[in-house]
Q: 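Below you'll find the structure I mean.
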Amino acid sequence: MQLNRKLNQFCKRNEIPVESYSVERYAENEILPLPQKSQEFIRENWGKSGFIFIGAAGIAVRWIAPFVKDKFTDSPVLVMDEKGKYVIPILSGHIGGAVELAEQIGMWIEAEVVHTTATDVQQKFAVDVFARKYHLLFKDRKKAKEISAALVNGNSVGFASDFPWVGEIPKELQLLDEEDETKEKPEMGIYVTNSYLKHPFVHTLYLVPKIITLGVGCKKDTPADTVEKVVRKACDELLIPSVSMELVASIDLKKEEQGILEYCKERNLPFETYSAEQLKEVEGSFAESKFVEETTGVDNVCERSAILGSSKHGEKSNLILRKYAEDGVTAALARRKWSVQF
């Protein structure tokens, strides 16, 4: 019980949302009684919350076994002994963050963190850890597993990036030299990019940062499916995946536009709007429209909105796709300055 309270305090001090449970006879104050239907409780929270079990690993395994699917969707699960000597991430260590949480807990209560994942044990670069740490998205899970296996086995894995990087490239990765055609390049590699236009390796795992702002405008009462269709076509111009978007921006006249709001809601994207005066102040060369200016008070909505939204981090951004117009919808894409960090 003392360890349970310690963990509860640790999480709260570090602003980690937490609920602590125990058998009913020990439940008091911040420690809640275990739900009578414990398995149903786990089912309802699986994939949404992490779990820390204090006790035998076998018991934890039996409790979670019915819900385990894969490391991309499973909850992070840790096991600790009752004396708090060891903390073991046993599920969703990298993608879910169990390893990172275990390290935090181990440092706070002076427990030994027991690693069992091959890349951790061998202290090798792990693509899933790298992706999670810097919020890089990838959709090819099979290829990610193959690259992890190649790294563990000491095979050559390439690295390419459309962005500059800070720090040293891990020794397990071979930097792609596109200018030297005589140099043999690995068949398998990772590519940090916002576009699927290039294929630097025979087997390429694309790691996509969320650093693009969509600037959008439309006629009143344009349906969401029309907005989606036009935006998709705009992205297809550069083979840009929609997952690379971090924000949708427009003029404040469109802040209640249902088609745009529904588009954002479906993709869990924030939507920000700006006044005509704010958009006018954006520096740059933009496609001008007299009709748009007469209607909104500014000569261009989508391009100016994209730049302004993308610059909110305080860094410069640039238009990577200028105004694309179809079916009463205009779309433009801006990318903020960003770098890979090792």
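Note that the structure is a prediction, hence the values are computed from the model and not measured. We use all heavy atoms of the structure for the numbers below, so side chains are in, but hydrogens, waters and symmetry mates are not.
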Q: Calculate, to the nearest 0.5 Å, the distance between atoms CG and CD belonging to Asn4 and Glu82 respectively.
A: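 If I round to the nearest 0.5 Å, the distance is 11.0 Å.
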
Q: Of all heavy-atom pairs between Lys255 and Phe271, which one has the smallest distance, and what is that distance?
A: CA-CE2, 4.0 Å

Q: For Lys233 and Glu326, what are the C-alpha separation, side-chain angles and deciding distance, and is it a side-chain contact (heavy atoms from CB on, under 4.5 Å)?
A: CA-CA 9 Å; Lys233 284 187 175 182; Glu326 186 177 315; 2.9 Å; yes

Q: Could you pull out all residues at least two apart from Lys323 that satisfy side-chain contact (heavy atoms from CB on, under 4.5 Å)?
A: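 Here the qualifying residues are Ala287, Ser289, Asn300, Cys302, Glu303, Ala325, Thr330.
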
Q: Which residues pass the side-chain contact (heavy atoms from CB on, under 4.5 Å) test with Ala144, not counting sequence neighbours?
A: Phe138, Leu205

Q: Do Ile211 and Leu207 share a hydrophobic cluster (ILVMFWY, side-chain heavy atoms under 4.5 Å, transitive)?
A: yes

Q: Give, for atom CZ of Arg322 and atom CD of Glu237, the distance between the pair rounded to the nearest 0.5 Å.
A: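 If we round to the nearest 0.5 Å, Arg322:CZ and Glu237:CD are 14.5 Å apart.
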
Q: Could you go through the side-chain contact (heavy atoms from CB on, under 4.5 Å) check for Thr213 and Leu333 one step at a time?
A: CA-CA 6 Å; Thr213 293; Leu333 302 173; over 6 Å; no

Q: Please report the shortest heavy-atom distance between Pro241 and Ser244, naming the atom on each side.
A: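 Here Pro241 and Ser244 meet closest at O-OG, 2.7 Å.
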
Q: Would you list the pairs meeting salt bridge (Lys or Arg N to Asp or Glu O under 4.0 Å) in which at least one residue belongs to residues 31-57, sequence neighbours left out?
A: Glu40-Arg43

Q: If the condition is ring-ring contact (aromatic ring centres under 6.0 Å, His included), which residues does Phe130 pass it with, not counting sequence neighbours?
A: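 Partners of Phe130 by the ring-ring contact (aromatic ring centres under 6.0 Å, His included) criterion, ordered by chain and then number, come out as Phe125, Tyr134, Phe342.
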
Q: Just to verify, what does Lys290 make a side-chain contact (heavy atoms from CB on, under 4.5 Å) with, not counting sequence neighbours?
A: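 Per chain and number, Lys290 pairs via side-chain contact (heavy atoms from CB on, under 4.5 Å) with Glu293.
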
Q: Under a 3.5 Å threshold, yes or no: a donor from one side chain and an acceptor from the other, between Ser311 and Ser317?
A: yes

Q: Set out, in order, the CA-CA distance, both residues' side-chain angles and the distance that settles side-chain contact (heavy atoms from CB on, under 4.5 Å) for Phe10 and Ile105, then state yes or no.
A: CA-CA 8 Å; Phe10 162 75; Ile105 292 173; 3.6 Å; yes

Q: To the nearest 0.5 Å, tell me how far Thr273 OG1 sits from Ile251 CD1.
A: 9.0 Å

Q: Tell me the closest heavy-atom pair linking Gln39 and Arg62, and the distance in Å.
A: NE2-O, 3.9 Å

Q: Any side-chain heavy-atom pair from Thr296 and Val301 closer than 4.5 angstrom?
A: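 Yes, close enough: below the 4.5 Å cut-off.
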
Q: Between Phe67 and Phe53, is there shared hydrophobic-cluster membership here, with clusters defined by ILVMFWY side-chain heavy atoms closer than 4.5 Å?
A: yes

Q: For Asn8 and Ser20, which I'm curious about, is there any donor-acceptor pair between the side chains at under 3.5 Å?
A: yes

Q: For a quick test of reading the model, state the closest non-hydrogen atom pair linking Val282 to Arg304 and the distance between them.
A: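 Heavy-atom minimum between the residues: O-NH1, 3.1 Å.
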
Q: If the test is side chain to side chain donor-acceptor pair (under 3.5 Å), which one of Arg336, Lys210, His135 qualifies with Glu246?
A: Arg336

Q: Could you work out, with side-chain contact (heavy atoms from CB on, under 4.5 Å) as the rule, every residue matching Glu272, not counting sequence neighbours?
A: Leu247, Tyr274, Lys312

Q: Between Asp81 (side chain only) and Lys83 (backbone N and O only), is there a donor and an acceptor less than 3.5 Å apart?
A: yes

Q: Indicate the atoms forming the closest heavy-atom contact of Asp162 with Asn194, along with that distance.
A: OD2-N, 4.5 Å

Q: So Lys198 and Thr193, do their side chains get closer than 4.5 Å, heavy atoms only?
A: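 With C-beta onward as the side chain, the pair stays apart.
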
Q: Are side-chain heavy atoms of Phe163 and Arg335 found at a separation under 4.5 Å?
A: yes

Q: Please report the shortest heavy-atom distance between Ala60 and Val79, naming the atom on each side.
A: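 Scanning both residues completely, I find the closest heavy atoms to be CB-CG2, 3.8 Å.
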
Q: With sequence neighbours left out, write down each residue that passes ring-ring contact (aromatic ring centres under 6.0 Å, His included) with Phe51, or none if nothing qualifies.
A: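 Here the qualifying residues are Trp46.
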
Q: For residues Arg232 and Asp236, determine if any side-chain heavy atom of one lies less than 4.5 Å from a side-chain heavy atom of the other.
A: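 The answer is yes; the side chains approach within 4.5 Å.
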
Q: Between Ile320 and Asn318, does the side-chain contact (heavy atoms from CB on, under 4.5 Å) criterion hold? Intermediate values first, please.
A: CA-CA 6 Å; Ile320 58 173; Asn318 65 292; 3.7 Å; yes

Q: Hey, quick one: are Leu321 and Val227 part of the same hydrophobic cluster, counting side-chain heavy atoms closer than 4.5 Å, chains of contacts allowed?
A: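 Yes; Val227 is reachable from Leu321 via cluster members.
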
Q: Identify all side-chain donor-acceptor contacts of residues 215-222 below 3.5 Å with residues at least two apart in sequence or on another chain.
A:
residue, atom, partner, partner atom, Å
Thr222, OG1, Lys219, O, 2.6

Q: Quick one: does Ile147's side chain get under 4.5 Å of Ile190's, heavy atoms only?
A: yes

Q: How long is the gap from CE on Met245 to OG on Ser310, to the nearest 0.5 Å?
A: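 Nearest 0.5 Å value for the CE-OG distance: 12.0 Å.
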
Q: What ring-ring contact (aromatic ring centres under 6.0 Å, His included) pairs are there with at least one residue in residues 277-303, not counting sequence neighbours?
A: none

Q: If I take atom CZ from residue Arg267 and atom CG from residue Leu214, how far apart are they, to the nearest 0.5 angstrom?
A: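 The CG atom of Leu214 is 10.0 Å from CZ of Arg267, to the nearest 0.5 Å.
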
Q: With Trp63, which residues qualify under ring-ring contact (aromatic ring centres under 6.0 Å, His included), at least two apart?
A: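 So Trp63 forms no ring-ring contact (aromatic ring centres under 6.0 Å, His included) with any residue.
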
Q: What about Met80 and Met107, same hydrophobic cluster or not, with Ile/Leu/Val/Met/Phe/Trp/Tyr joined at side-chain heavy-atom distances under 4.5 Å?
A: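 In one cluster with Met80: Met107, no.
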
Q: With rounding to the nearest 0.5 Å, note down the distance linking CG in Leu78 to CD1 in Ile90.
A: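 Spacing of CG (Leu78) from CD1 (Ile90) equals 8.0 Å.
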
Q: Is it true that atom NZ of Lys229 has more than 12 heavy atoms of other residues, nucleotides or ligands lying nearer than 6.0 Å?
A: yes

Q: Sorted by first residue and then second, give each ring-ring contact (aromatic ring centres under 6.0 Å, His included) pair with at least one member in residues 197-234; sequence neighbours left out.
A: Tyr191-Tyr206, Tyr196-Tyr206

Q: Going only through I, L, V, M, F, W and Y residues with side-chain contacts under 4.5 Å, is there a path from Tyr324 to Ile260?
A: yes

Q: Check whether Asp140 reaches the backbone of Lys143 with its side chain - one donor and one acceptor, N or O, closer than 3.5 Å.
A: yes

Q: For Asp252 and Ser275, which I'm curious about, is there any donor-acceptor pair between the side chains at under 3.5 Å?
A: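 The criterion, which ignores hydrogens and geometry beyond distance, is not satisfied for Ser275 and Asp252.
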
Q: With Phe41, which residues qualify under ring-ring contact (aromatic ring centres under 6.0 Å, His included), at least two apart?
A: Tyr21

